[in-house]
Amino acid sequence: MMLSALSRSLRTSRYPTQASSVRRLIRPTLSSSQSSSRAFFAAAARTFATEASSDDVYTFEFPETHFAMHNCEPVPLKTTATKDELIDLYKMMVSIRHLETACDQLYKSKMIRGFCHLSTGQEAVAAGMEAAITKEDAIITAYRCHGFALTRGQSATAIIAELMGRKAGSSKGKGGSMHIFANEFYGGNGIVGAQVPLGAGIALAQQYQGKNAMTFSLYGDGASNQGQVFEAYNMAKLWNLPCVFVCENNMYGMGTSAHRSSASTKYYTRGDYIPGIRVNGRDALAVREGCRYAREWALSGKGPLVMEMVTYRYGGHSMSDPGTTYRTRDEIAHMRSTSDPITGHKERLLEHGLLTNEEMKKIEKEIRADIEKAVAEAKASPEPDVAELYTEVYCKGTEPPFLRGTTPDEIHRF
């Protein structure tokens, strides 16, 4: 299945390979401005038009506006990638978007109930981060988590089934949209900001066990002012934990713009005594480079780092939010037309002759078929048995004599 093979490919091709033929392709891709929430794709300059092979290495140069630093050395503005690595990034972003589109349709048809937060427009963050790390590294995030679960290797069927409350779900249908897990992916957390100290705890475990691994602990700009975030910063720095705190700044915390909720919107500087980096979160290649930098920082013994991914969500905060009462439709349309992460990466592939329009259509058709199959499998899965409500509440062997239910007379004995 294309999606499972793709998630493995993103992890195993973390560093570009050397090749006999190296083409120098310098393209300023996407620039961003935090103050105006605008980003524009610059024109690309292609120096070679010959047919590309999968192991050719390409060199790209980012504009300076892609990164900003706080008390640390700058991220290199040049990077390399192979054809396969660039195509894998494209495939994963398209997969996430089709997954979220399917979830949107299922919610509107009332097959998904309750909370449902989609990441349409933010695909570059999950795809680029996965391309920079290994399967031993950990990720924990808030409730906009479907894309991360997919990149970490969870199947589209398990994700969709979980949202539908079906037995085939990643949490057996007991968790829903905000509680999806995968290998070294710790959710999907429903309490705003609560995953940030949990991420520091995962990093503490990695350090204690002597693992060559680190943790990305993600949260949104809406959670950035919470006390527990700063408490986690403090503990992580005291113990120099291999933890990177990542603020996904999609410009709005629910229906409140970042500038209305935060006295300082330079979230990457919020760590004060912890260095920080701001990344253009709408360019998957820039995200990959920023995450590589952050990973190497954390594993070098320097301690934590604060990252800010400047991104944008097209939909509302959740499916119950139309997303147009606190911003204009023109703003959303402008961001879609000028800053879409998939469109920008697609242009990069086309301009460098790495894929044709026909090949992209074929890839998209295959991914759409995969997602449609996943939807069908999720629909075919039954609801979990009522007895499942009492399982996995406690670790095996630590259960109490009994567990109360929702009414006084409802008691389950182990």
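Each residue takes its place number in the sequence, starting with 1.
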Is the shortest side-chain N to carboxylate O distance from [X] to [Y] below 4.0 Å?
| X | Y | value |
| --- | --- | --- |
| K91 | D370 | no |
| R144 | E248 | no |
| K211 | E136 | no |
| E359 | K362 | no |

I'd like to know whether L86 forms a side-chain contact (heavy atoms from CB on, under 4.5 Å) with F60, so could you lay out the CA-CA distance, the side-chain angles of the two residues, the decisive distance to 0.1 Å, and finally the verdict. CA-CA 11 Å; L86 293 166; F60 299 88; 3.7 Å; yes
Considering only heavy atoms from C-beta outward, does the side chain of Q154 approach that of E162 to under 4.5 Å?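 No, their side chains stay 4.5 Å or more apart.
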Is it true that [Y] and [X] share a donor-acceptor pair across their side chains at a distance under 3.5 Å?
| X | Y | result |
| --- | --- | --- |
| E184 | Y186 | yes |
| D272 | Y233 | no |
| N225 | S262 | yes |
| S318 | S320 | yes |
| H146 | S177 | yes |
| N249 | Y268 | no |
| E331 | Y312 | yes |
| K172 | T391 | no |
| S109 | Q105 | no |
| T134 | D137 | yes |

Are Y326 and Y252 close enough, and set up right, to give a ring-ring contact (aromatic ring centres under 6.0 Å, His included), and what steps lead you there? CA-CA 9 Å; Y326 46 87; Y252 296 93; 5.4 Å; yes
Cation-pi check for F245 against R270: NZ or CZ below 6.0 Å from the six-membered ring centre and within 45 degrees of the axis, yes or no? no
Which atom of L285 lies closest to which atom of D283, heavy atoms considered: N-OD1, 3.0 Å
I would like to know whether E296 and S300 meet side-chain hydrogen bond (donor to acceptor under 3.5 Å, both in side chains); could you show each step before the answer? CA-CA 6 Å; E296 291 170 4; S300 69; over 6 Å; no
